[in-house]
Amino acid sequence: MLGQAAIFLAAAVLAVPLSRLLGLGAVLGYLAAGMLIGPWGLKLITDVEAILHFSEFGVVLLLFLIGLELQPSRLWVLRRQVFGLGTAQVGLTGLTLGAIALAFGWTWQAALVAGLGLAMSSTAFALQTLAEKKQLTARHGRESFAILLFQDLAVIPLLAALPFLGAAAGSTGGGWIDAAKAIAIIGALVLSSRLLVRPLFRAIARFGGREIFTAAALLIVIGVTLLMDIAGLTASLGAFLAGMLLADSEYRHELEADIEPFKGLLMGLFFIAVGMSANLGLLASSPLTILGIVVGMMAIKFTLLYALSRAAGTAATSARKLGVALAQGGEFAFVLFAAAAAAGIFAAAVSELLVVAVTLSMLAAPLLFVIEEKLLAPRLDAKVTREFDNIDHKEGHVVVAGYGRVGQIVSRVLSLKGIPMTALEKDAEQVDNVRRFGVKIYFGDATRLELLTSANLAGARLFVLAIDNPEDSVRCAELVRHHYPQLPIVARARNRGHAHRLNELGVTRVFRETWHTSIEMAQQSLLRLGFPASDTSMTIAKFRDHDLELLKRQQAVHGDEAALIQTSRDASAELQALFESDREEQAPRRKPTS
């Protein structure tokens with residue numbers, strides 16, 4: 001047992017970091033590790049069924065945590081995107097793929113499960129990739145999140161329905177009795193969460209220790225799993241319901257923190273076991289069948305996602321990016337297909353075929369992103385770019401370049417004082433969103449001289465540089481400084497490096513966007529810790545002055561990394577010595593002892 005544990009851990013430690021380094025994500029790393037050590041690889045582990053059965057408890061813990069995150073109030077806020085776009089995607093994709101399976105002679109139960117399972121996308125891969133590309137807040141990022149959230153929700157009733165579909169496939173009776181038993185146990189679960197579970201956690205939090213609280217959390221999940229087994233339902237459904245019923249309790253965050261390590265390890269073990277069980281021999285015996293499933297599934301998902309997003313009013317570029325982000329299969333398909341095979345809905349060989357197809361689609365997903373960014377975007381987006389707006393001629397106005405988080409606040413304050421403004425933003429989607437609220441804003445790229453000329457910078461009183469992207473910000477500052485040297489600039493900087501580059505151009509009124517917020521947080525933290533207000537103000541003032549002085553010193557060497565590091569170390573030592581000296585002066589003098 002220890003030997004097998006060492007093999008699993010070594011495979012994960014080697015494969016997962018390598019997979020993340022290549023931009024493929026942790027899930028594919030675990031799958032690759034399983035393929036390597038399993039029966040189709042080095043044959044280091046052969047008892048795949050036992051490992052898979054044990055590791056399925058990781059899926060149970062995952063769904064318990066998903067339930068904890070899904071507060072009813074939060075779902076209600078997102079209801080339109082989640083239940084509108086999400087329902088349409090899962091429903092249409094599942095029915096389309098299911099109809100194709102039905103045409104190939106599958107039973108309706110098998111076709112339905114296969115279609116809906118292939119309709120799922122990889123939450124772990126899609127969200128991680130969109131976050132790395134900083135696209136989660138874009139239109140297609142928000143739509144991806146909503147669809148993935150609905151898919152997570154849709155897994156629960158699907159898993160719950162498998163025993164009944166299996167019974168229908170096998171023409172066995174007793175379905176109504178099983179349904180009544182399931183409803184009764186779910187009702188008992190809802191009541192016990194209010195009457196028993198919460199008082200239990202209160203008592204443990206008061207009289208028990210941290211380890212007992214963790215044990216109680218695991219006991220709840222295991223107990224619900226056993227109840228669901230008695231009801232003939234999947235343990236995942238019970239875990240999800242238990243989590244959702246505790247989502248608005250005061251112990252939600254503590255439960256998440258205690259369960260998360262167990263969930264992470266067991267989910268990793270589950271994906272390794274799936275990789276081990278993937279029948280790679282099918283690639284040699286049925287390559288065309290697997291290729292057809294992979295290409296057909298991804299093409300249909302992309303097409304339907306694009307069409308649904310366009311129907312919802314999304315621009316063509318965002319709709320295409322949404323289709324690329326969610327075209328691959330998902331990790332929940334592994335859970336669904338394994339459970340369907342266990343319920344007798346389709347044979348184990350069919351489950352193996354679908355698992356291999358989903359795995360290959362996940363391997364192909366990074367390639368899709370590359371194709372979209374390198375080949376499609378430069379060709380297609382160039383054709384749909386719209387002309388920049390004509391700008392009304394003004395005198396004595398303020399030009400605001402960049403109408404994001406910072407530019408909006410500055411513009412609102414200036415508007416309150418009746419100052420005429422010209423706001424420029426190159427993100428067409430942002431321009432359209434802002435105009436819905438009655439704000440006058442111009443679509444245009446402030447890094448282009450002709451647009452700055454059109455905005456009449458020669459007659460402006462002030463230029464507010466609030467562009468988010470540092471490269472675009474510096475390029476814009478270069479243009480303004482060169483062609484309008486007398487125009488004052490107030491600029492926003494993302495970080496110290498960005499501030500240094502702007503300072504080099506002669507932009508002296510530079511504000512680091514997180515600086516003032518961080519200083520205010522530090523001041524409030526000291527006050528909350530009981531430090532006197534006068535001492536706190538003095539500390540913050542000294543730190544502020546020292547940091548601004550350091551920023552000036554580093555300006556001369558910011559291109560030399562070694563000098564920059566040494567300057568930071570010297571300044572840190574100076575600041576530490578300064579505060580230590582202050583503490584010694586303020587400490588009460590000891591009376592001499594005789």
Side-chain angles (χ1 to χ4, degrees), residues 19-20 22-25 27-28 81 85-86 88-90 92-93 96-97 118-148 151 291-330 357-388 425-433 443-445 447-448 468-469 471-472:
S19 179
R20 281 183 167 154
L22 296 174
L24 302 177
V27 173
L28 288 178
Q81 283 186 309
L85 199 57
Q89 186 273 327
V90 172
L92 285 176
T93 307
T96 302
L97 293 171
L118 294 175
M120 302 295 168
S121 303
S122 174
T123 301
F125 176 82
L127 291 185
Q128 177 186 334
T129 305
L130 290 170
E132 288 172 354
K133 296 179 181 295
K134 298 181 180 178
Q135 295 176 3
L136 273 177
T137 55
R139 176 71 179 262
H140 65 279
R142 297 194 302 271
E143 289 182 349
S144 296
F145 177 79
I147 291 171
L148 290 168
Q151 289 179 359
L291 183 64
I293 293 173
V294 173
V295 174
M297 173 191 72
M298 297 185 79
I300 289 170
K301 290 179 75 172
F302 174 86
T303 303
L304 291 176
L305 282 162
Y306 181 86
L308 288 170
S309 187
R310 291 289 284 156
T314 307
T317 300
S318 290
R320 188 182 69 245
K321 290 180 183 294
L322 174 70
V324 169
L326 303 184
Q328 82 289 136
V358 170
T359 304
L360 289 179
S361 75
M362 292 173 73
L363 288 170
L367 180 61
L368 274 187
F369 274 95
V370 173
I371 291 173
E372 197 281 327
E373 291 176 348
K374 304 296 183 183
L375 298 178
L376 298 181
R379 289 168 172 77
L380 299 178
D381 293 348
K383 297 177 182 178
V384 297
T385 53
R386 75 191 200 193
E387 293 294 323
F388 292 145
E425 173 57 56
K426 76 170 186 176
D427 187 336
E429 188 176 329
Q430 172 72 352
V431 171
D432 293 337
N433 287 336
F443 171 59
D445 186 354
T447 64
R448 295 175 58 172
D468 181 69
N469 183 282
E471 297 301 324
D472 289 346

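What you see below is based on every heavy atom in this structure, not just the backbone, and it leaves out hydrogens, waters and symmetry mates. We're numbering straight along the sequence, starting at 1.
The side-chain heavy atoms of L322 and Y306, taken from C-beta on, include no pair separated by under 4.5 Å. By the 4.5 Å heavy-atom criterion applied to side chains, L305 and I147 are counted as neighbours. For the pair L368 and M298, the minimum side-chain heavy-atom distance is below 4.5 Å.
Under the 3.5 Å distance criterion, the side-chain polar atoms of T93 are left unmatched by any main-chain donor or acceptor of A119. K301 places a side-chain N or O within donor-acceptor distance of the main-chain N or O of M120, the cut-off being under 3.5 Å. Formation of a donor-acceptor pair under 3.5 Å by the Q328 side chain with backbone atoms of S122 is found in this model. Q151 places a side-chain N or O within donor-acceptor distance of the main-chain N or O of S121, the cut-off being under 3.5 Å. At distances below 3.5 Å, at least one donor-acceptor pair connects side-chain atoms of T314 with backbone N or O atoms of S309.
The CG atom of L97 lies 10.5 Å from the CD1 atom of I293; values are rounded to the nearest 0.5 Å. A distance of 12.0 Å separates CZ of F443 from CD of Q430, quoted to the nearest 0.5 Å.
For the residue pair T447 / K426, no side-chain donor-acceptor distance below 3.5 Å is found, with atom types taken as modelled.
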